[in-house]
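Bear in mind that the values here come from a model prediction, so they are computed numbers and not experimental data. Residue numbers start from 1 in every chain, and the chains themselves are labelled A, B, ... in the order their sequence lines are given, proteins ahead of strands.
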There are 2 protein chains.
Amino acid sequence: MRAQLAQVAFELFCREGFDKVTLDDLAAAAGVSRSTFLRYFGTKEDAVLGAFDGHDRRVADALRARPADEDEWTALRHALDTVIERYHQDPAAALATTRLVRETPALCARHLEKQHRWRPALAEALAERSGSAEAPTLGQSVRAAAALDCLYVALDHWLASEGRLDLVGLLDDAFAALAPR
Amino acid sequence: MRAQLAQVAFELFCREGFDKVTLDDLAAAAGVSRSTFLRYFGTKEDAVLGAFDGHDRRVADALRARPADEDEWTALRHALDTVIERYHQDPAAALATTRLVRETPALCARHLEKQHRWRPALAEALAERSGSAEAPTLGQSVRAAAALDCLYVALDHWLASEGRLDLVGLLDDAFAALAPR
DNA sequence: CCAGAAATGAAACTGAGTGTCACACTAGTA
DNA sequence: TACTAGTGTGACACTCAGTTTCATTTCTGG
């Protein structure tokens, strides 16, 4: 049900533009009431961004699963493969979603906000990996944040190339541009 | 005028909580109409975050002013002194503002959005510095973004310490945690 | 003093998000 | 079969942010 609503909403957003579509339009197009739609997605944006829910935990888990002797930067790079996977499975859909999000200020902002919440999760995973302390160090927080930036910038370039460039390569390049010594 | 409105708004937000204060409250407290308030600040959030307007250009200019032979990471670090300055001039006010912003989801999100827009500006400044190309390279974009993360994380720790830790030192540590080789 | 520009205020309007209540449609139980 | 509790749904009223329009005041230069 949730998935169906999201699908209808996505198509409508792409066709009409996110801002032109009202909650009433969405509800009508999906054949449910406004109330119901809002019960599934707390906000209009969530109808699109709900797809990213749980990614933070998945990446953090992937990070914890990396060998303990791997350096943090490399571990972070590999943990992000969890996210990249999605873009390999259905590149066309991923491209369309990414484009919609980046082209719509409201969606872009919310997505940024959501992705920003991954940082503490990743930093904590790094802290656990390093064993010693409970709280992440400043360095671990910074590296977690930087890794997410790499993902963001890589996606930027991938989007600009209409999906023609290799996302894995772009991400590798981004990480290389910042490899800590 | 703008400054006075912002001041009134800030005090009200601190006392009552950002979400509890409506536009009507603000207008009444400032002795102007709702319309006028909204003409000065397009949104409630801007009454607080307007203080950060123009920072992007200032930092970018500072970056362009760095010696051409300085490596990008060092230049970025020094360019951020432009921002840090504000926190040295009036630490108490800066602490209060930062706390309000970080404690209020809506403000935090908008601030993130605003700060995010600094990235292209910094990346372009890096591109100009490097002379050759017009558009920033992927690496330059990543480093610009990472530098902003360093600022963010350093402020996080500074805030957690109630302003007792040295912000310059924290920022140096953050940059050191990510120094490219 | 006056004409035009700029700032202000009033009010109606759209649309997002919240909260409440009532109604249906189940599924388990006696 | 009748009862009941849980769950999904719709209808509706409400608050509030932000936009737009228009009238009115206040400044400012001539």
Nucleic acid footprint by protein, nucleotides 18-23 of chain C - heavy-atom cut-off 4.0 Å, B for base, S for sugar-phosphate alone | B-----

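The closest side-chain heavy-atom distance from Gln7(B) to Gln4(B) is not below 4.5 Å.
When hydrophobic side chains of Ile, Leu, Val, Met, Phe, Trp and Tyr are connected at separations under 4.5 Å, Tyr152(A) ends up clustered with Leu112(A).
When heavy atoms are screened at a 4.0 angstrom cut-off, Tyr40(B) is found touching the sugar-phosphate backbone but no base atom.
Both Met1(B) and Glu45(A) sit near DNA chain C, but only Met1(B) has its closest nucleotide nearer the 5' end.
Looking at residues two or more places apart in sequence or on another chain, you find no ring-ring contact (aromatic ring centres under 6.0 Å, His included) involving His157(B). The ring-ring contact (aromatic ring centres under 6.0 Å, His included) test applied to Phe10(B) returns no partner, not counting sequence neighbours.
Within the structure, the salt bridge (charged side-chain N to carboxylate O under 4.0 Å, His left out) test picks out the following pairs touching residues 128-142 of chain A (sequence neighbours left out): Arg64(A)-Glu128(A). The salt bridge (charged side-chain N to carboxylate O under 4.0 Å, His left out) pairs that include a residue from residues 145-161 of chain A are Arg102(A)-Asp156(A), Asp156(A)-Arg119(B), where partners are two or more places apart or lie in different chains.
Exactly one of Glu72(A), Arg77(A), His78(A) qualifies for a side-chain contact (heavy atoms from CB on, under 4.5 Å) with Thr74(A). That residue is His78(A).
Heavy-atom distances under 4.0 Å link DNA chain D to no residue of residues 17-30 of chain A. Within residues 100-110 of chain B, the residues having any heavy atom closer than 4.0 Å to DNA chain D are, in order of number, Arg110(B). For the segment residues 8-15 of chain A, the set of residues with a heavy atom within less than 4.0 Å of an atom of DNA chain C is empty.
Contact annotation: Ser33(B) side-chain N/O to dA10(C) OP1/OP2 distance is not under 4.0 Å.
For Arg110(A) and Phe52(A), the positive end is not near the middle of the six-membered ring at less than 6.0 Å and at most 45° from its axis.
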Contacts under 3.5 angstrom, residues 23-38 of chain A side chains, donor-acceptor by atom type, not counting sequence neighbours:
{"unit_1": "Asp25(A)", "atom_1": "OD2", "unit_2": "Thr22(A)", "atom_2": "N", "d": "3.0"}
{"unit_1": "Asp25(A)", "atom_1": "OD2", "unit_2": "Thr22(A)", "atom_2": "OG1", "d": "3.3"}
{"unit_1": "Ser33(A)", "atom_1": "OG", "unit_2": "Ser35(A)", "atom_2": "N", "d": "3.4"}
{"unit_1": "Ser33(A)", "atom_1": "OG", "unit_2": "Thr36(A)", "atom_2": "N", "d": "3.2"}
{"unit_1": "Ser33(A)", "atom_1": "OG", "unit_2": "Thr36(A)", "atom_2": "OG1", "d": "3.1"}

Residues 89-99 of chain B side chain polar contacts: donor-acceptor under 3.5 Å, at least two apart:
{"unit_1": "Asp90(B)", "atom_1": "OD1", "unit_2": "Ala93(B)", "atom_2": "N", "d": "3.3"}
{"unit_1": "Thr97(B)", "atom_1": "OG1", "unit_2": "Ala93(B)", "atom_2": "O", "d": "2.9"}
{"unit_1": "Thr98(B)", "atom_1": "OG1", "unit_2": "Ala94(B)", "atom_2": "O", "d": "2.6"}
{"unit_1": "Arg99(B)", "atom_1": "NH1", "unit_2": "Glu162(B)", "atom_2": "OE1", "d": "3.2"}

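Between the side chain of Arg2(A) and the backbone N or O of Tyr40(A) there is at least one donor-acceptor pair closer than 3.5 Å. The backbone N or O of Trp73(B) sits nowhere less than 3.5 Å from a side-chain atom of Arg143(B) that would complete a donor-acceptor pair.
dA7(C) atom P lies 13 Å from atom CZ of Arg2(B), rounded to whole Å.
Comment: Lys114(A) engages Asp46(A) in a salt bridge, judged by a side-chain N to carboxylate O separation of less than 4.0 angstrom.
Below 30°, between 30° and 60°, or above 60°: for Trp158(B) and Tyr87(B) the angle between ring planes is above 60°, a perpendicular geometry.
The line from CG of Leu148(A) to CG of Leu80(A) is 6.5 Å long, rounded to the nearest 0.5 Å.
Here the range on DNA chain D touched by chain B, meaning any atom under 4.0 Å from one of its heavy atoms, is dC16(D) to dT19(D).
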